[in-house]
Amino acid sequence: MDTKVLRQKILDLAIRGKLVPQDPNDEPASVLLERIREQKKQMVKEGKLKAKDIKNDSVIFVGEDNLHYEKFADGSVKCIEDEIPFELPDGWSWARLNQIYNFIDYRGATPNKISSGVPLITAKNVKSGYIDYTIDEYISEEEYRERQQRGISRLGDILFTTEAPLGNAAIANIDKFSAGQRLITFQHYGNCTLNNTTFLYFILSDIFQNQLHARKTGSTVAGIKASILKTLVLPVPPFKEQEKIYNACESLLTLTGKIASDKQDILSIISKTKSKILDLAIRGQLVPQNPDDEPASVLLERIRAEKEELIKQGKIKRDKKESIIFKSEDNSYYLNNGQMTVDISDDLPFDIPDSWYWTRLKDIFIINPRNKLADDLDVSFIPMPLIDDGYSGKHTTEVRQWKEVKTGFTHFAEGDIGIAKITPCFENRKSTIFENLSNGYGAGTTELHILRPFANSILAQYLLAYVKSDYFVENGKQTFTGAVGQQRIGKEYVEHAYFPIPPLSEQERIVQMINNIFEHLNVISEAIF
């Protein structure tokens with residue numbers, strides 16, 4: 001169930017008059033609108049409005065031909081049927097926004113912000129339906145009094161963002177504040193009360209938002225002029241029905257919010273379950289061991305033999321610091337790098353089965369290899385946005401010629417594993433097995449570390465489970481270097497990470513079990529959307 005779609009459906013029914021039944025005994029909206037017009041005239045007499053503020057007042061009505069017309073103060077009438085998005089129930093009326101709300105506009109009046117004082121609410125605070133007070137800015141009492149000359153925003157008014165972003169709206173829920181940049185306050189006229197929350201729901205509906213965005217200006221930063229915003233049409237229900245719509249929306253949207261919260265709780269549980277599955281997998285606790293499996297030590301010998309052959313062929317260089325990890329008769333683990341032997345028992349993160357083997361990633365994978373290809377060869381190109389985060393390990397690709405991407409990008413080949421090295425992509429588990437590459441090769445974002453297995457010694461899916469595990473990610477975060485927002489794991493962390501190798505047959509069973517469990521969890525995830 002998509003709760004965003006459900007929420008919009010509720011707002012759509014509300015603005016169309018289909019959420020609650022109409023009562024023919026309710027005072028019609030046309031009478032309410034007439035009272036508003038009389039109130040505005042009185043406010044002009046009292047000096048609270050200027051004559052120009054009401055000179056363009058008009059009445060929208062349905063003619064005998066069932067078309068919508070607008071009658072202006074000078075007596076002229078115009079057909080506006082093309083502006084009316086749908087038919088209204090009996091007792092409802094159409095009105096332009098400034099016919100029911102006074103606009104208090106502080107745009108262009110840049111305030112002097114201070115650390116404490118009168119709260120300043122700007123477009124940064126106003127979200128879709130609520131105000132975010134974590135962004136706290138203030139102005140002085142003196143400036144607050146000066147800004148009141150344009151009008152006083154009050155508790156219960158509607159605050160509307162005119163750009164960056166366009167179309168957010170919320171009810172002002174504090175007594176004393178000043179509306180700031182890129183905000184307009186919608187305030188009802190005098191004593192003519194409206195249920196502002198009902199009209200907030202109308203404003204947040206797709207019907208009004210579509211009307212708003214159809215009249216926006218600007219391409220880089222979308223916005224709307226106040227003069228245009230004032231002319232947008234809204235349906236006006238009878239006042240008593242406004243109250244009923246408010247109560248129905250509050251109840252239904254609260255329930256929708258609870259559903260959305262429950263969905264997030266379920267998704268969080270699923271994510272934690274996947275994390276736990278990977279943790280069990282790399283510890284040898286996900287599937288039972290088979291004593292008939294060829295031990296990982298034999299597998300490791302084959303990897304070393306293949307490396308020697310590649311060194312002889314000149315395809316890779318010998319690592320002068322290659323290390324060997326072994327378990328001695330005293331059950332301690334030691335690392336020998338050709339120069340010295342050290343006890344690393346306390347460095348290893350957890351126990352593994354007897355048939356498994358510890359090693360370092362650099363000793364069994366080629367890290368950050370380079371490809372040598374013909375310039376006119378089509379290859380896959382994969383920037384960071386094309387790599388999924390989370391646990392799926394999927395990616396999509398573009399196609400480029402090798403000459404376009406061979407410099408300035410990371411190289412990889414079919415079956416390689418890519419690991420995002422920059423925050424927050426690393427923590428978000430943007431890692432993948434490169435598959436179905438054009439001609440078997442590719443290039444992509446420089447913010448990747450690449451691991452290339454030797455032959456079929458280590459299953460790529462098992463390595464992917466390892467690099468997505470909490471162990472690898474959490475330890476990697478402890479090694480971040482660089483400025484906040486641009487922090488990275490270095491190549492050294494990848495090279496020296498301790499990697500538990502199961503027998504090849506057990507790797508296959510582990511991967512199959514992970515796939516089976518994740519498939520069931522994904523079915524649950526998809527079912528709640």
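FYI, the numbering just counts along the sequence from 1.
A heavy-atom distance below 4.5 Å is found between the side chains of F518 and L278. Residues L166 and K216 meet the side-chain proximity criterion, which asks for heavy atoms closer than 4.5 Å. The shortest distance between side-chain heavy atoms of H188 and N102 does not fall below 4.5 Å. The side-chain heavy atoms of T410 and T445, taken from C-beta on, include no pair separated by under 4.5 Å. Contact of the L451 side chain with the I419 side chain is registered, since non-hydrogen atoms from C-beta on lie closer than 4.5 Å. Counting only heavy atoms from C-beta outward, the side chains of L194 and I100 approach each other to under 4.5 Å. Looking at E398 and L386, their side chains come closer than 4.5 Å, going by heavy atoms from C-beta outward. Residues N522 and E519 are not in side-chain contact: their nearest non-hydrogen atoms beyond the backbone lie 4.5 Å or more apart.
Less than 6.0 angstrom separates the ring centroid of H395 from the ring centroid of F434. With ring centers used as reference points, F365 lies under 6.0 Å from F499.
At least one donor-acceptor pair closer than 3.5 Å links the side chain of T256 to the backbone N or O of L252. Judged by distance alone, with hydrogens and angles left aside, the side-chain atoms of Q211 form no donor-acceptor pair with the main-chain N or O of L232 at under 3.5 Å. Here the side chain of N247 pairs a donor or acceptor atom with the backbone of E243 at under 3.5 angstrom. A donor-acceptor pair is defined here as one N or O able to donate and one able to accept, closer than 3.5 Å; such a pair exists between the side chain of N428 and the backbone of P424. Although no hydrogens or angles enter the test, the distance criterion places no donor-acceptor pair under 3.5 Å between the side chain of Q487 and the main chain of K421. Proximity of a side-chain donor or acceptor of S251 to a complementary backbone N or O of A248 within less than 3.5 Å is not detected. Judged by distance alone, the side chain of E137 and the main-chain N or O of K113 form no donor-acceptor pair under 3.5 Å. Between the side chain of R16 and the backbone N or O of L11, no donor-acceptor pair lies under 3.5 Å.
One side chain, N196 or Y101, offers a donor N or O that lies under 3.5 Å from an acceptor on the other. Between the side chains of Y189 and D53, no donor-acceptor pair of N or O atoms lies under 3.5 Å. No side-chain N or O of K244 forms a donor-acceptor pair with one of N195 less than 3.5 Å apart. A donor atom on one side chain and an acceptor atom on the other are not found under 3.5 Å apart for T161 and R182.
Residues that satisfy the side chain to side chain contact (heavy atoms under 4.5 Å, CB included) test with L255, not counting sequence neighbours, are I259. Residues meeting the ring pair (Phe, Tyr, Trp, His ring centres under 6.0 Å) test with H411, sequence neighbours left out: W402. The side chain to side chain contact (heavy atoms under 4.5 Å, CB included) search around I135 returns K124, N125, D132, not counting sequence neighbours. Partners of R215 according to the side chain to side chain donor-acceptor pair (under 3.5 Å) rule, which considers only residues two or more places apart in sequence or in another chain, do not exist here. Not counting sequence neighbours, the partners of R96 by the side chain to side chain donor-acceptor pair (under 3.5 Å) test are E70, E83. L88 meets the side chain to side chain contact (heavy atoms under 4.5 Å, CB included) test with F86, W92, W94, P235; sequence neighbours excluded. In this structure E81 satisfies the salt bridge (Lys or Arg N to Asp or Glu O under 4.0 Å) test with no other residue, sequence neighbours excluded. With sequence neighbours excluded, no residue forms a ring pair (Phe, Tyr, Trp, His ring centres under 6.0 Å) with Y144. Take Y471 and apply the ring pair (Phe, Tyr, Trp, His ring centres under 6.0 Å) test, not counting sequence neighbours, and it matches F350. Residues passing the side chain to side chain donor-acceptor pair (under 3.5 Å) test with K468, sequence neighbours excluded: S431.
Here the NZ-OG1 distance, from K477 to T423, works out to 8.5 Å after rounding to the nearest 0.5 Å. Here SG of C249 is found 5.0 Å from CG of L19. Values are rounded to the nearest 0.5 Å. Within the model, atoms CD1 of I422 and NE2 of H449 stand 10.5 Å from one another, a figure rounded to the nearest 0.5 Å. Summarising the geometry, atom CD1 belonging to I417 is positioned 9.0 Å from atom OG1 belonging to T432; distances are rounded to the nearest 0.5 Å. The distance from the CD1 atom of I174 to the CD1 atom of I131 is 7.0 Å, given to the nearest 0.5 Å. From S128, atom OG reaches atom CD of Q209 across 7.0 Å, with rounding to the nearest 0.5 Å.
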| field | Test log, rule side-chain contact (heavy atoms from CB on, under 4.5 Å), inputs L448 and I387 | value | CA-CA 11 Å; L448 289 176; I387 300 174; 4.0 Å; yes
| query | Stepwise, does the side-chain contact (heavy atoms from CB on, under 4.5 Å) test hold for F186 with L97? | reply | CA-CA 9 Å; F186 298 161; L97 197 52; 3.6 Å; yes
| task | List the steps, then state whether side-chain contact (heavy atoms from CB on, under 4.5 Å) holds for I121 with V126. | result | CA-CA 8 Å; I121 299 178; V126 178; 4.0 Å; yes
| request: Any chance you could lay out the side-chain contact (heavy atoms from CB on, under 4.5 Å) test for E38 and M43, step after step, and finish with the verdict? | output: CA-CA 9 Å; E38 291 301 318; M43 291 175 70; over 6 Å; no
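In the displayed structure, D346 atom CG is contacted under 6.0 Å by at most 12 heavy atoms of other residues, nucleotides or ligands. The local environment of CD in E142 is sparse, with at most 12 non-hydrogen atoms from other residues, nucleotides or ligands closer than 6.0 Å. The environment of CD in E46 is crowded: more than 12 heavy-atom neighbours from other residues, nucleotides or ligands sit within 6.0 Å. The number of heavy atoms from other shown groups lying within 6.0 Å of NZ (K127) is above 12.
For the side chain to side chain donor-acceptor pair (under 3.5 Å) with D57, the lone residue among K41, K40, Q99, R37 that qualifies is K40. Screening D470, D389, D388 against R429 for a salt bridge (charged side-chain N to carboxylate O under 4.0 Å, His left out) leaves a single residue, D470.
Note on ring orientation: taking the six-membered ring where Trp is involved, the planes of Y466 and F472 are tilted (angle from 30° to 60°).
A salt bridge is defined here as a Lys NZ or Arg NE, NH1 or NH2 lying under 4.0 Å from an Asp or Glu carboxylate O, and E27 with R35 meets this definition. Salt-bridge annotation for K176 and E141: present, with a side-chain N of the basic residue lying under 4.0 Å from a carboxylate O of the acidic one.
Cation-pi contact between K230 and F103: present, with separation from the ring centre below 6.0 Å and deviation from the ring axis of at most 45°.
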Can you give the donor-acceptor pairs under 3.5 Å from side chains of residues 201-208 to other protein atoms, not counting sequence neighbours?
unit_1 : atom_1 : unit_2 : atom_2 : d
Y201   : OH     : E250   : OE2    : 2.1
S205   : OG     : F202   : O      : 2.6
S205   : OG     : F208   : N      : 3.4

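Among pairs with a residue in residues 478-498, those fulfilling salt bridge (charged side-chain N to carboxylate O under 4.0 Å, His left out) read E447-R488, K491-E495, at least two apart in sequence or across chains.
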